[in-house]
There are 2 protein chains.
Amino acid sequence: MGKKGTETRVRILEATQELVETAGYAGAGLNQVIAASGAPRGSLYFHFPDGKDQLIGESIRRAGQAIDAAVEELAASGASAAEFVEGVLRLLGDRLEESGWRKGCPVATVALEMAAASEPLQQACSDVYASWEAALRRRLGGRPDADDLAVTILALIEGALLLAKAHRSREPLDRVSGRLAALLS
Amino acid sequence: MGKKGTETRVRILEATQELVETAGYAGAGLNQVIAASGAPRGSLYFHFPDGKDQLIGESIRRAGQAIDAAVEELAASGASAAEFVEGVLRLLGDRLEESGWRKGCPVATVALEMAAASEPLQQACSDVYASWEAALRRRLGGRPDADDLAVTILALIEGALLLAKAHRSREPLDRVSGRLAALLS
DNA sequence: AAAAATATGTAGACCGATCTATTAAGGAGT
DNA sequence: ACTCCTTAATAGATCGGTCTACATATTTTT
(Lines give C-alpha, C1' and ligand atoms only; values in the text may rest on other atoms or scores of the structure.)
Protein backbone atom coordinates (compact mmCIF):
# COMPACT_ATOMS: atom_id res chain seq x y z
CA MET A 1 0.00 0.00 0.00
CA GLY A 2 1.44 3.35 -1.08
CA LYS A 3 1.88 6.31 1.20
CA LYS A 4 -0.93 8.40 -0.28
CA GLY A 5 -3.33 5.51 -0.08
CA THR A 6 -2.65 4.85 3.58
CA GLU A 7 -3.12 8.51 4.37
CA THR A 8 -6.58 8.69 2.85
CA ARG A 9 -7.50 5.44 4.52
CA VAL A 10 -6.61 6.92 7.89
CA ARG A 11 -8.37 10.20 7.11
CA ILE A 12 -11.52 8.24 6.27
CA LEU A 13 -11.28 6.24 9.48
CA GLU A 14 -10.78 9.34 11.60
CA ALA A 15 -13.75 11.11 10.06
CA THR A 16 -15.88 8.02 10.55
CA GLN A 17 -14.83 7.71 14.17
CA GLU A 18 -15.80 11.28 14.85
CA LEU A 19 -19.17 11.06 13.11
CA VAL A 20 -20.12 7.70 14.56
CA GLU A 21 -19.30 8.82 18.05
CA THR A 22 -21.56 11.81 17.62
CA ALA A 23 -24.49 10.26 15.77
CA GLY A 24 -24.18 6.48 15.91
CA TYR A 25 -24.21 3.92 13.13
CA ALA A 26 -27.46 4.87 11.43
CA GLY A 27 -26.96 8.57 12.04
CA ALA A 28 -23.56 8.76 10.39
CA GLY A 29 -23.99 8.88 6.63
CA LEU A 30 -21.31 7.93 4.17
CA ASN A 31 -21.88 11.24 2.44
CA GLN A 32 -20.88 12.95 5.66
CA VAL A 33 -17.81 10.77 5.92
CA ILE A 34 -16.86 11.71 2.39
CA ALA A 35 -17.41 15.39 3.02
CA ALA A 36 -15.53 15.40 6.33
CA SER A 37 -12.56 13.36 5.12
CA GLY A 38 -12.29 15.01 1.74
CA ALA A 39 -11.95 11.61 0.13
CA PRO A 40 -14.15 10.83 -2.84
CA ARG A 41 -16.75 8.12 -2.80
CA GLY A 42 -14.74 5.70 -4.92
CA SER A 43 -11.77 5.84 -2.57
CA LEU A 44 -14.00 4.85 0.31
CA TYR A 45 -15.13 1.73 -1.49
CA PHE A 46 -11.61 1.02 -2.67
CA HIS A 47 -10.26 0.98 0.87
CA PHE A 48 -13.36 -0.54 2.44
CA PRO A 49 -14.86 -2.80 -0.22
CA ASP A 50 -17.39 -4.27 2.18
CA GLY A 51 -18.97 -0.88 2.70
CA LYS A 52 -20.35 0.76 5.77
CA ASP A 53 -20.15 -2.23 8.09
CA GLN A 54 -16.46 -2.77 7.44
CA LEU A 55 -15.74 0.94 7.74
CA ILE A 56 -17.49 1.34 11.05
CA GLY A 57 -16.20 -1.96 12.38
CA GLU A 58 -12.61 -0.89 11.79
CA SER A 59 -13.21 2.58 13.17
CA ILE A 60 -14.71 1.12 16.35
CA ARG A 61 -11.74 -1.16 16.93
CA ARG A 62 -9.38 1.70 16.19
CA ALA A 63 -11.11 3.97 18.68
CA GLY A 64 -11.02 1.18 21.24
CA GLN A 65 -7.28 0.85 20.90
CA ALA A 66 -6.78 4.59 21.29
CA ILE A 67 -8.64 4.60 24.60
CA ASP A 68 -6.80 1.46 25.62
CA ALA A 69 -3.46 3.16 25.08
CA ALA A 70 -4.49 6.24 27.05
CA VAL A 71 -5.70 4.10 29.95
CA GLU A 72 -2.58 1.96 29.90
CA GLU A 73 -0.52 5.11 30.24
CA LEU A 74 -2.57 6.23 33.22
CA ALA A 75 -2.28 2.79 34.79
CA ALA A 76 1.49 3.09 34.95
CA SER A 77 1.55 6.35 36.87
CA GLY A 78 -1.41 6.20 39.27
CA ALA A 79 -0.81 5.37 42.87
CA SER A 80 -3.86 3.71 44.40
CA ALA A 81 -6.55 1.93 42.41
CA ALA A 82 -9.09 4.61 43.32
CA GLU A 83 -6.76 7.37 42.13
CA PHE A 84 -6.25 5.51 38.87
CA VAL A 85 -9.98 5.24 38.18
CA GLU A 86 -10.45 8.86 39.13
CA GLY A 87 -7.81 9.69 36.55
CA VAL A 88 -9.70 7.76 33.88
CA LEU A 89 -12.94 9.55 34.76
CA ARG A 90 -11.20 12.92 34.61
CA LEU A 91 -9.64 12.09 31.25
CA LEU A 92 -12.96 10.99 29.75
CA GLY A 93 -14.75 13.95 31.28
CA ASP A 94 -12.30 16.37 29.71
CA ARG A 95 -12.71 14.70 26.35
CA LEU A 96 -16.49 14.85 26.64
CA GLU A 97 -16.73 18.47 27.71
CA GLU A 98 -14.10 19.77 25.30
CA SER A 99 -15.92 18.16 22.41
CA GLY A 100 -19.16 19.97 23.26
CA TRP A 101 -20.70 16.84 24.77
CA ARG A 102 -20.20 14.87 21.60
CA LYS A 103 -17.41 12.45 22.42
CA GLY A 104 -18.40 10.10 25.18
CA CYS A 105 -17.71 6.41 24.74
CA PRO A 106 -16.84 5.76 21.09
CA VAL A 107 -18.35 2.28 21.26
CA ALA A 108 -21.51 2.64 23.31
CA THR A 109 -23.91 4.04 20.71
CA VAL A 110 -23.05 1.44 18.10
CA ALA A 111 -23.11 -1.31 20.72
CA LEU A 112 -26.66 -0.38 21.65
CA GLU A 113 -27.81 0.05 18.06
CA MET A 114 -26.27 -3.16 16.77
CA ALA A 115 -26.74 -5.63 19.61
CA ALA A 116 -29.67 -7.17 17.77
CA ALA A 117 -28.64 -6.31 14.21
CA SER A 118 -25.22 -6.79 12.65
CA GLU A 119 -23.37 -9.77 14.10
CA PRO A 120 -19.85 -8.59 13.12
CA LEU A 121 -20.38 -5.13 14.56
CA GLN A 122 -21.87 -6.53 17.75
CA GLN A 123 -18.75 -8.68 18.02
CA ALA A 124 -16.46 -5.71 17.43
CA CYS A 125 -18.09 -3.78 20.27
CA SER A 126 -18.03 -6.79 22.54
CA ASP A 127 -14.32 -7.29 21.83
CA VAL A 128 -13.45 -3.69 22.60
CA TYR A 129 -15.28 -3.83 25.91
CA ALA A 130 -13.55 -7.12 26.74
CA SER A 131 -10.18 -5.55 26.08
CA TRP A 132 -10.92 -2.58 28.33
CA GLU A 133 -12.13 -4.92 31.02
CA ALA A 134 -8.91 -6.90 30.74
CA ALA A 135 -6.86 -3.73 31.11
CA LEU A 136 -8.75 -2.83 34.27
CA ARG A 137 -8.32 -6.33 35.64
CA ARG A 138 -4.59 -6.13 35.10
CA ARG A 139 -4.45 -2.82 36.94
CA LEU A 140 -6.47 -4.23 39.84
CA GLY A 141 -4.38 -7.40 39.81
CA GLY A 142 -3.81 -9.22 43.04
CA ARG A 143 -7.25 -8.66 44.55
CA PRO A 144 -9.25 -11.83 45.02
CA ASP A 145 -12.33 -10.21 43.48
CA ALA A 146 -10.53 -8.55 40.57
CA ASP A 147 -12.87 -10.10 37.99
CA ASP A 148 -16.09 -8.79 39.50
CA LEU A 149 -14.45 -5.50 40.29
CA ALA A 150 -13.17 -4.90 36.77
CA VAL A 151 -16.66 -5.37 35.29
CA THR A 152 -18.18 -3.18 37.98
CA ILE A 153 -15.70 -0.37 37.43
CA LEU A 154 -16.18 -0.53 33.67
CA ALA A 155 -19.96 -0.44 34.10
CA LEU A 156 -19.64 2.50 36.46
CA ILE A 157 -17.46 4.41 34.01
CA GLU A 158 -19.72 3.69 31.05
CA GLY A 159 -22.85 4.56 33.00
CA ALA A 160 -21.41 7.79 34.35
CA LEU A 161 -20.26 8.77 30.88
CA LEU A 162 -23.72 8.06 29.50
CA LEU A 163 -25.41 10.17 32.17
CA ALA A 164 -22.90 12.97 31.73
CA LYS A 165 -23.55 13.06 27.98
CA ALA A 166 -27.31 12.89 28.48
CA HIS A 167 -27.30 15.75 30.99
CA ARG A 168 -24.48 17.64 29.30
CA SER A 169 -22.77 17.95 32.63
CA ARG A 170 -19.74 16.57 34.42
CA GLU A 171 -21.71 16.16 37.61
CA PRO A 172 -22.38 12.42 37.24
CA LEU A 173 -18.69 11.80 36.68
CA ASP A 174 -17.72 13.80 39.72
CA ARG A 175 -20.29 12.22 41.98
CA VAL A 176 -19.24 8.74 40.94
CA SER A 177 -15.63 9.68 41.55
CA GLY A 178 -16.48 10.40 45.14
CA ARG A 179 -17.93 6.94 45.72
CA LEU A 180 -14.96 5.00 44.35
CA ALA A 181 -13.24 4.69 47.69
CA ALA A 182 -16.15 2.74 49.14
CA LEU A 183 -16.22 0.39 46.18
CA LEU A 184 -12.49 -0.25 46.17
CA SER A 185 -12.00 -0.45 49.92
CA MET B 1 -60.45 12.55 21.49
CA GLY B 2 -62.57 9.54 20.55
CA LYS B 3 -61.92 6.01 21.72
CA LYS B 4 -60.73 4.68 18.38
CA GLY B 5 -58.36 7.57 17.94
CA THR B 6 -56.76 7.08 21.32
CA GLU B 7 -56.25 3.41 20.60
CA THR B 8 -54.30 3.99 17.39
CA ARG B 9 -52.31 6.70 19.07
CA VAL B 10 -51.23 4.22 21.73
CA ARG B 11 -50.54 1.51 19.17
CA ILE B 12 -48.26 3.92 17.30
CA LEU B 13 -46.45 4.87 20.51
CA GLU B 14 -45.95 1.25 21.51
CA ALA B 15 -44.55 0.30 18.11
CA THR B 16 -42.25 3.32 18.20
CA GLN B 17 -41.02 2.46 21.67
CA GLU B 18 -40.17 -1.06 20.60
CA LEU B 19 -38.38 -0.01 17.42
CA VAL B 20 -36.47 2.86 18.98
CA GLU B 21 -35.26 0.69 21.81
CA THR B 22 -33.93 -1.81 19.31
CA ALA B 23 -32.46 0.48 16.69
CA GLY B 24 -32.26 4.01 18.08
CA TYR B 25 -33.58 7.27 16.68
CA ALA B 26 -31.98 7.19 13.26
CA GLY B 27 -32.37 3.43 12.93
CA ALA B 28 -36.11 3.41 13.51
CA GLY B 29 -37.88 4.46 10.34
CA LEU B 30 -41.39 5.84 10.23
CA ASN B 31 -42.19 3.25 7.59
CA GLN B 32 -41.35 0.57 10.13
CA VAL B 33 -43.51 2.27 12.73
CA ILE B 34 -46.38 2.33 10.25
CA ALA B 35 -45.90 -1.32 9.34
CA ALA B 36 -45.56 -2.48 12.94
CA SER B 37 -48.48 -0.49 14.29
CA GLY B 38 -50.78 -1.11 11.37
CA ALA B 39 -51.70 2.57 11.36
CA PRO B 40 -51.51 4.42 8.07
CA ARG B 41 -49.18 7.30 7.44
CA GLY B 42 -51.92 9.87 7.67
CA SER B 43 -52.91 8.79 11.16
CA LEU B 44 -49.35 9.11 12.34
CA TYR B 45 -49.15 12.71 11.24
CA PHE B 46 -52.63 13.41 12.54
CA HIS B 47 -51.71 12.28 16.05
CA PHE B 48 -48.12 13.57 15.92
CA PRO B 49 -48.21 16.63 13.68
CA ASP B 50 -44.63 17.58 14.54
CA GLY B 51 -43.36 14.36 13.05
CA LYS B 52 -40.61 12.04 14.14
CA ASP B 53 -39.21 14.20 16.93
CA GLN B 54 -42.54 14.54 18.67
CA LEU B 55 -43.30 10.85 18.20
CA ILE B 56 -40.01 9.67 19.65
CA GLY B 57 -40.02 12.30 22.38
CA GLU B 58 -43.39 11.11 23.64
CA SER B 59 -42.43 7.48 23.35
CA ILE B 60 -39.27 8.07 25.38
CA ARG B 61 -41.15 9.78 28.18
CA ARG B 62 -43.77 7.05 28.11
CA ALA B 63 -41.15 4.33 28.38
CA GLY B 64 -39.51 6.23 31.21
CA GLN B 65 -42.74 6.29 33.19
CA ALA B 66 -43.27 2.57 32.67
CA ILE B 67 -39.87 1.77 34.15
CA ASP B 68 -40.51 4.28 36.90
CA ALA B 69 -43.70 2.51 37.89
CA ALA B 70 -42.03 -0.89 37.93
CA VAL B 71 -39.18 0.39 40.09
CA GLU B 72 -41.56 2.15 42.45
CA GLU B 73 -43.36 -1.14 42.96
CA LEU B 74 -40.09 -2.88 43.76
CA ALA B 75 -39.12 -0.10 46.15
CA ALA B 76 -42.13 -0.79 48.31
CA SER B 77 -41.35 -4.47 48.85
CA GLY B 78 -37.55 -4.70 49.06
CA ALA B 79 -35.94 -5.05 52.43
CA SER B 80 -32.41 -3.65 52.36
CA ALA B 81 -31.19 -1.11 49.82
CA ALA B 82 -28.86 -3.70 48.29
CA GLU B 83 -31.69 -6.20 47.89
CA PHE B 84 -33.78 -3.52 46.22
CA VAL B 85 -31.11 -2.70 43.65
CA GLU B 86 -30.53 -6.40 43.06
CA GLY B 87 -34.23 -6.66 42.30
CA VAL B 88 -34.01 -3.86 39.76
CA LEU B 89 -31.05 -5.52 38.07
CA ARG B 90 -32.87 -8.85 37.95
CA LEU B 91 -35.95 -7.22 36.50
CA LEU B 92 -34.00 -5.42 33.78
CA GLY B 93 -31.95 -8.52 33.07
CA ASP B 94 -35.08 -10.58 32.53
CA ARG B 95 -36.49 -7.96 30.22
CA LEU B 96 -33.25 -7.83 28.24
CA GLU B 97 -32.78 -11.56 27.87
CA GLU B 98 -36.43 -12.34 27.12
CA SER B 99 -36.43 -9.77 24.32
CA GLY B 100 -33.49 -11.44 22.61
CA TRP B 101 -31.06 -8.79 23.84
CA ARG B 102 -33.07 -6.02 22.27
CA LYS B 103 -34.66 -4.23 25.18
CA GLY B 104 -32.05 -2.70 27.45
CA CYS B 105 -32.54 0.87 28.59
CA PRO B 106 -35.25 2.47 26.46
CA VAL B 107 -33.61 5.87 26.76
CA ALA B 108 -29.89 5.22 26.43
CA THR B 109 -29.54 4.88 22.66
CA VAL B 110 -31.47 8.05 21.91
CA ALA B 111 -29.67 9.90 24.70
CA LEU B 112 -26.32 9.07 23.11
CA GLU B 113 -27.48 9.83 19.58
CA MET B 114 -29.16 13.12 20.42
CA ALA B 115 -26.93 14.67 23.06
CA ALA B 116 -25.43 16.95 20.43
CA ALA B 117 -28.37 17.09 18.04
CA SER B 118 -32.03 17.69 18.91
CA GLU B 119 -32.44 19.91 21.95
CA PRO B 120 -35.98 18.75 22.85
CA LEU B 121 -35.04 15.10 22.63
CA GLN B 122 -31.90 15.62 24.66
CA GLN B 123 -34.10 17.28 27.26
CA ALA B 124 -36.58 14.41 27.23
CA CYS B 125 -33.82 11.90 27.93
CA SER B 126 -32.29 14.10 30.60
CA ASP B 127 -35.68 14.42 32.30
CA VAL B 128 -36.29 10.69 32.33
CA TYR B 129 -32.90 10.03 33.88
CA ALA B 130 -33.53 12.73 36.46
CA SER B 131 -36.82 11.13 37.42
CA TRP B 132 -35.22 7.71 37.85
CA GLU B 133 -32.48 9.27 39.91
CA ALA B 134 -35.08 10.93 42.13
CA ALA B 135 -36.84 7.60 42.63
CA LEU B 136 -33.58 5.99 43.72
CA ARG B 137 -32.82 8.89 46.04
CA ARG B 138 -36.20 8.51 47.70
CA ARG B 139 -35.59 4.81 48.23
CA LEU B 140 -32.15 5.50 49.71
CA GLY B 141 -33.54 8.33 51.81
CA GLY B 142 -31.99 9.04 55.14
CA ARG B 143 -28.40 8.38 54.20
CA PRO B 144 -26.21 11.47 54.34
CA ASP B 145 -24.70 10.64 50.94
CA ALA B 146 -27.99 9.76 49.23
CA ASP B 147 -27.40 12.21 46.38
CA ASP B 148 -24.04 10.82 45.32
CA LEU B 149 -25.24 7.31 45.89
CA ALA B 150 -28.33 7.65 43.72
CA VAL B 151 -26.29 8.86 40.76
CA THR B 152 -23.72 6.14 41.32
CA ILE B 153 -26.33 3.38 41.48
CA LEU B 154 -28.04 4.68 38.35
CA ALA B 155 -24.72 4.83 36.51
CA LEU B 156 -23.94 1.32 37.64
CA ILE B 157 -27.28 0.01 36.43
CA GLU B 158 -27.04 1.79 33.08
CA GLY B 159 -23.46 0.68 32.56
CA ALA B 160 -24.17 -2.93 33.45
CA LEU B 161 -27.18 -2.94 31.15
CA LEU B 162 -25.07 -1.53 28.33
CA LEU B 163 -22.37 -4.17 28.81
CA ALA B 164 -24.95 -6.94 29.05
CA LYS B 165 -26.54 -5.87 25.79
CA ALA B 166 -23.18 -5.50 24.09
CA HIS B 167 -22.03 -8.97 25.18
CA ARG B 168 -25.46 -10.52 24.92
CA SER B 169 -25.02 -11.95 28.38
CA ARG B 170 -26.34 -11.45 31.89
CA GLU B 171 -22.87 -11.80 33.32
CA PRO B 172 -22.18 -8.08 33.76
CA LEU B 173 -25.47 -7.68 35.61
CA ASP B 174 -24.72 -10.59 37.91
CA ARG B 175 -21.18 -9.49 38.66
CA VAL B 176 -22.30 -5.97 39.47
CA SER B 177 -25.01 -7.38 41.73
CA GLY B 178 -22.34 -9.06 43.79
CA ARG B 179 -20.51 -5.80 44.42
CA LEU B 180 -23.50 -3.83 45.63
CA ALA B 181 -22.99 -4.68 49.28
CA ALA B 182 -19.60 -2.97 49.30
CA LEU B 183 -21.01 0.14 47.67
CA LEU B 184 -24.00 0.41 49.97
CA SER B 185 -22.24 -0.55 53.20
C1' DA C 1 -86.54 12.09 15.88
C1' DA C 2 -84.61 13.03 11.30
C1' DA C 3 -81.48 15.65 8.80
C1' DA C 4 -77.85 18.66 8.14
C1' DA C 5 -73.37 20.35 9.60
C1' DT C 6 -69.08 19.85 11.83
C1' DA C 7 -65.36 17.53 14.06
C1' DT C 8 -62.40 13.60 14.23
C1' DG C 9 -59.77 10.16 12.30
C1' DT C 10 -58.25 6.98 8.28
C1' DA C 11 -56.21 5.88 3.89
C1' DG C 12 -52.55 5.94 0.64
C1' DA C 13 -50.53 8.26 -3.40
C1' DC C 14 -46.97 11.33 -3.94
C1' DC C 15 -42.70 14.60 -3.32
C1' DG C 16 -37.90 15.86 -3.10
C1' DA C 17 -33.99 14.59 -0.57
C1' DT C 18 -30.82 11.35 0.96
C1' DC C 19 -29.25 6.77 1.61
C1' DT C 20 -25.68 2.86 0.39
C1' DA C 21 -23.54 0.86 -3.31
C1' DT C 22 -21.78 0.11 -8.26
C1' DT C 23 -19.53 1.32 -12.33
C1' DA C 24 -16.26 2.56 -15.96
C1' DA C 25 -12.74 5.49 -16.90
C1' DG C 26 -8.61 8.20 -16.03
C1' DG C 27 -4.59 10.12 -13.15
C1' DA C 28 -0.49 9.47 -9.97
C1' DG C 29 3.40 7.04 -8.17
C1' DT C 30 7.04 3.84 -8.66
C1' DA D 1 4.56 -0.01 -18.06
C1' DC D 2 2.03 -1.36 -14.50
C1' DT D 3 -0.11 -1.14 -10.09
C1' DC D 4 -2.39 1.75 -6.88
C1' DC D 5 -5.69 4.95 -6.20
C1' DT D 6 -8.99 8.64 -7.47
C1' DT D 7 -12.94 10.69 -9.89
C1' DA D 8 -17.66 11.45 -10.71
C1' DA D 9 -21.91 9.87 -12.81
C1' DT D 10 -25.43 6.91 -11.72
C1' DA D 11 -28.65 3.25 -9.81
C1' DG D 12 -32.26 1.82 -6.93
C1' DA D 13 -34.10 1.91 -2.50
C1' DT D 14 -35.68 4.31 1.43
C1' DC D 15 -36.05 8.44 4.10
C1' DG D 16 -39.31 12.02 6.54
C1' DG D 17 -43.03 14.76 5.27
C1' DT D 18 -47.23 16.74 2.65
C1' DC D 19 -51.48 16.45 0.46
C1' DT D 20 -56.22 15.36 -0.93
C1' DA D 21 -60.05 12.40 -0.65
C1' DC D 22 -62.77 9.63 2.14
C1' DA D 23 -65.01 7.44 6.18
C1' DT D 24 -66.87 7.66 10.70
C1' DA D 25 -68.43 9.87 14.87
C1' DT D 26 -70.51 13.70 17.29
C1' DT D 27 -73.14 17.70 17.66
C1' DT D 28 -76.51 21.19 15.96
C1' DT D 29 -80.53 22.41 13.78
C1' DT D 30 -85.02 21.76 12.23
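Everything quoted here is computed from the prediction, not taken from an experiment. Chain naming here is simple, since letters A, B, ... match the order of the sequence lines and numbering starts at 1 in each.
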*Expressed in angstrom and rounded to an integer, what is the separation of Phe46(A) atom CZ from dG29(C) atom P?*
15 Å
*asked:* With a 4.0 Å cut-off on N to O distance, would you call Glu171(B) and Arg175(B) a salt bridge?
replied: yes
*Establish, with yes or no, whether the OP1 or OP2 oxygen of dG9(C) is under 4.0 angstrom from a side-chain nitrogen or oxygen of Thr8(B).*
no
*Ion pair present between Glu72(B) and Arg139(B), side-chain N to carboxylate O less than 4.0 angstrom?*
no
*Supply the atom-to-atom distance Lys103(B) NZ to Lys165(B) NZ, rounded to the nearest 0.5 angstrom.*
11.0 Å
*Does one side chain, of Thr22(B) or Arg102(B), offer a donor that lies under 3.5 Å from an acceptor on the other?*
yes
_So, does His47(A) get its side chain near the phosphate of dT6(D), meaning an N or O under 4.0 Å from OP1 or OP2?_
yes
*CA sep, side-chain torsions, deciding dist, call: Glu133(B), Arg137(B), salt bridge (Lys or Arg N to Asp or Glu O under 4.0 Å)*: CA-CA 6 Å; Glu133(B) 189 188 318; Arg137(B) 196 163 39 231; 3.1 Å; yes
*Nearest-Å distance for atom pair CD1/C1', residues Ile56(A) and dT20(C)*: 11 Å
*Mind running a 4.0 Å heavy-atom check of residues 107-119 of chain A against DNA chain C and sending the residues that fall below it, in number order?*
none
*Please list, by residue number, the residues of residues 20-44 of chain A whose heavy atoms come closer than 4.0 Å to an atom of DNA chain C; answer none if no residue qualifies.*
Ala28(A), Gly29(A), Leu30(A), Asn31(A), Arg41(A)
*Nearest to the side chain of Tyr45(A) - dC5(D), dG16(D), dA21(C)?*
dA21(C)
*For atom CZ of Arg9(A) and atom P of dT6(D), their distance in whole Å*: 11 Å
_Using the rule given for salt bridge (Lys or Arg N to Asp or Glu O under 4.0 Å), can you reason through Asp94(B) versus Arg170(B), listing the C-alpha separation, both sets of side-chain angles and the distance that settles it, and then say yes or no?_
CA-CA 9 Å; Asp94(B) 289 346; Arg170(B) 294 188 78 124; 2.9 Å; yes
*asked:* Expressed as a whole number of angstroms, how long is the span from Gln54(B):CD to dG16(D):P?
replied: 15 Å
*asked:* Nearest whole Å is fine: how far is dC15(D) C1' from Leu55(B) CG?
replied: 15 Å
*Is there any salt bridge (charged side-chain N to carboxylate O under 4.0 Å, His left out) pair reaching into residues 50-60 of chain B, and which pairs are they, with sequence neighbours excluded?*
Arg9(B)-Glu58(B)
*Salt bridge between Arg179(B) and Asp148(A), side-chain N to carboxylate O under 4.0 Å?*
no
*Val176(A)-Ile153(B) co-clustered via ILVMFWY side chain contacts under 4.5 Å*: yes
_d(CG, Leu19(B); P, dC15(D)) in whole Å_ = 11 Å
